[in-house]
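Note sheet for the following structure.
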Amino acid sequence: MKADLIVGIQWGDEGKGKIVDRLACEYDMVCRSQGGHNAGHTIWVDGVKYALHLIPSGVLNPKAINVVGNGVVLSPESIIKEMAQFEGLEGRLFISDKAHLNLSYHAMIDQARERLKGDKAIGTTGKGIGPAYADKINRIGHRVGELLNPAKLCSSIMNYFEQNRDIFDILEIKTPNKEELLEELEGYRVKFAPFITDTTQMLWRALDEENKRVLLEGAQGTMLDIDHGTYPYVTSSSTVSAGACTGLGINSKDIGKVTGIVKAYCTRVGNGPFPSEDLGEDGKRLGKQGHEFGTTTGRARRCGWFDAVACRYASRLNGCDELALMKLDVLDGFSEVKICVAYELDGVEIDYLPQNLEDVKPIYKSFKGWSGSAGVRKFEDLPKEAQEYVRVIEEITKTKVGIISTSPEREDTIIL
Ligand code: IMP
């Protein structure tokens with residue numbers, strides 16, 4: 001059977017974790033194809049909060065198999081902490097032998113580069129994502145499969161430090177102690193050996209079976225895509241649906257339904273253009289009502305109104321069959337809500353994303369606000385203004401809304 005795909009439409013943090021977790025009980029396999037522990041997926045089940053970074057969100061459903069694909073950059077240290085939250089992961093979690101390692105020195109490089117950039121900093125999560133992907137593209141990275149031979153991997157990492165000494169001197173990063181490094185890598189071998197495999201083959205077998213259902217879980221969001229996002233203020237992986245193919249070793253014909261996840265408003269962490277950002281009281285209120293603090297870094301997220309221009313662009317780019325509209329309840333209590341329906345660039349109205357997105361001004365349409373959408377589970381029970389808001393989003397983005405979330409709880413979800 002074809003795989004279904006969940007993809008972030010905005011700047012990440014759209015609430016993908018809740019949807020993947022809710023849907024995971026219907027799937028036999030849940031796969032991550034890109035990103036690393038920069039991702040933070042929060043899932044609430046029965047009032048308990050789980051924060052996942054690398055392990056796919058299907059982990060909370062005992063029947064689902066979870067795959068970390070070749071396109072992911074894996075921090076052994078980070079995933080070990082996550083794994084400690086769950087029991088019986090063997091046979092339920094598999095990590096691609098081709099995924100790249102994101103080791104502690106990658107985070108040091110990331111943070112040092114950000115410091116050197118000063119006010120031009122990207123505002124990364126500081127988790128070493130960019131440097132780990134850069135090593136991969138430079139063909140000097142190390143793959144997860146190499147953990148199975150710690151002695152060889154240790155020599156290779158020592159060589160890497162020797163060859164890059166000049167850069168490390170500028171960044172003030174010391175060469176690791178060889179014995180300590182070997183010991184660390186040996187520990188990883190013991191820990192990860194049962195989980196490392198050729199996940200592409202596993203996935204092909206599942207896709208070739210009639211009844212096996214596979215879900216692909218995107219991380220970050222379309223506007224942070226390395227090619228199609230707000231470059232250079234982006235992450236270093238391909239966050240769009242096409243990235244799921246290379247990040248797992250499948251082809252475009254293997255993908256069935258694509259669901260784009262959007263918040264009913266917009267947020268962004270880190271620097272870079274954000275046309276519908278609201279720096280006034282409304283933005284503050286959205287942040288407060290939506291608890292907009294990063295799962296990974298704890299940073300306050302920048303907040304603003306729903307950007308229908310960016311959403312339409314992202315929906316087309318990903319081939320979305322439907323949108324899942326998250327956190328509609330956060331708009332409860334506003335007397336007026338706004339949607340960015342177009343941009344103004346040099347006095348001209350445009351309906352696309354220009355290269356110089358930082359120069360556009362948002363053009364808004366205002367709508368009467370509502371109260372009482374929190375916890376609603378049927379579309380017809382939503383306040384009529386909220387229903388209207390959903391219909392307007394469908395019209396402007398040219399994509400139907402198939403799912404609406406009205407609280408962090410798994411069951412407070414409207415399926416249309
Ligand atoms: P990096 O991925 O750590 O290199 O950060 C690059 C940009 O992507 C920064 O603006 C981060 O705040 C943003 N970013 C990375 N991962 C996430 C995420 O999971 N959610 C939201 N923003 C993210």
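First listed ligand is number 1; within each ligand, the first listed atom is number 1. Counting from 1, the numbers follow the sequence of the chain as shown.
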**Asked** Just checking, Arg213 and Tyr27: is the charged tip under 6.0 Å from the six-membered ring centre and within 45° of the axis?
**Response** yes
**Prompt:** Under 3.5 Å, is there a donor-acceptor pair linking the side chains of His142 and Ser156?
**Reply:** yes
**Asked** What residue and heavy atom of the protein are closest to atom 17 (C) of ligand 1, and at what distance?
**Response** Gln220 CG, 3.5 Å
**Message:** Using the rule given for side-chain hydrogen bond (donor to acceptor under 3.5 Å, both in side chains), can you reason through Arg165 versus Thr175, listing the C-alpha separation, both sets of side-chain angles and the distance that settles it, and then say yes or no?
**Reply:** CA-CA 8 Å; Arg165 195 61 263 164; Thr175 300; 2.4 Å; yes
**Prompt:** Just heavy atoms, cut-off under 4.0 Å: does Leu224 contact ligand 1 by side chain, backbone, both, or neither?
**Reply:** side chain
**Request:** With heavy atoms of Trp11 as the reference, note each atom of ligand 1 found under 4.0 Å away.
**Result:** 21 (C), 22 (N)
**Item:** Protein contact of atom 5 (O) of ligand 1 - nearest heavy atom, named by residue and atom, plus distance
**Value:** Thr124 CA, 3.4 Å
**Asked** Under 4.0 Å from any heavy atom of Ala39, which atoms of ligand 1 are there?
**Response** 19 (O)
**Request:** Closest by any non-hydrogen atom to atom 1 (P) of ligand 1: pick that one out of Asn271, Thr267, Thr235, Asp110.
**Result:** Thr235
**Request:** Report the part of Arg299 in contact with ligand 1, treating N, CA, C, O as backbone and CB onward as side chain, heavy atoms under 4.0 Å; options are side chain, backbone, both, neither.
**Result:** side chain
**Prompt:** Looking at residues at least two apart in the chain, or sitting in another chain, which of them share a ring pair (Phe, Tyr, Trp, His ring centres under 6.0 Å) with Phe161?
**Reply:** Tyr105, Phe168
**Request:** Tell me yes or no: between the side chains of Thr239 and Gln34, is some donor less than 3.5 Å from an acceptor?
**Result:** no
**Prompt:** Any idea which part of Tyr233 is under 4.0 Å from ligand 1, heavy-atom wise: side chain, backbone, both or neither?
**Reply:** neither
**Request:** From atom 9 (C) of ligand 1, work out which of Gly130, Gly123, Gly270 has a heavy atom at the shortest distance.
**Result:** Gly123
**Asked** Which protein heavy atom lies closest to atom 10 (O) of ligand 1, and at what distance to 0.1 Å?
**Response** Val269 O, 3.1 Å
**Prompt:** Would Arg285 count as a cation-pi partner of Phe334, with NZ or CZ less than 6.0 Å from the six-membered ring centre and within 45° of the ring normal?
**Reply:** yes
**Message:** Looking only at the aromatic ring of each residue, does the gap between the centers of Trp305 and Phe367 stay below 6.0 angstrom?
**Reply:** no
**Request:** Provide, to 0.1 Å, the distance between atom 7 (C) of ligand 1 and the closest protein heavy atom, together with that atom's residue and name.
**Result:** Val234 O, 3.8 Å
**Asked** What's the shortest distance from atom 3 (O) of ligand 1 to any protein heavy atom, and which residue and atom give it?
**Response** Thr125 OG1, 2.5 Å
**Prompt:** Between Asn38 and ligand 1, is there a nitrogen or oxygen pair with a distance under 3.5 Å?
**Reply:** yes
**Message:** Test: salt bridge (Lys or Arg N to Asp or Glu O under 4.0 Å). Region: residues 72-95. Which pairs qualify, not counting sequence neighbours?
**Reply:** none
**Message:** Classify the ring geometry of Tyr389 against Phe306: parallel below 30°, tilted from 30° to 60°, perpendicular beyond 60°.
**Reply:** perpendicular
**Protein contact to atom 21 (C) of ligand 1 [nearest heavy atom, distance to 0.1 Å]** = Asp13 OD2, 3.1 Å
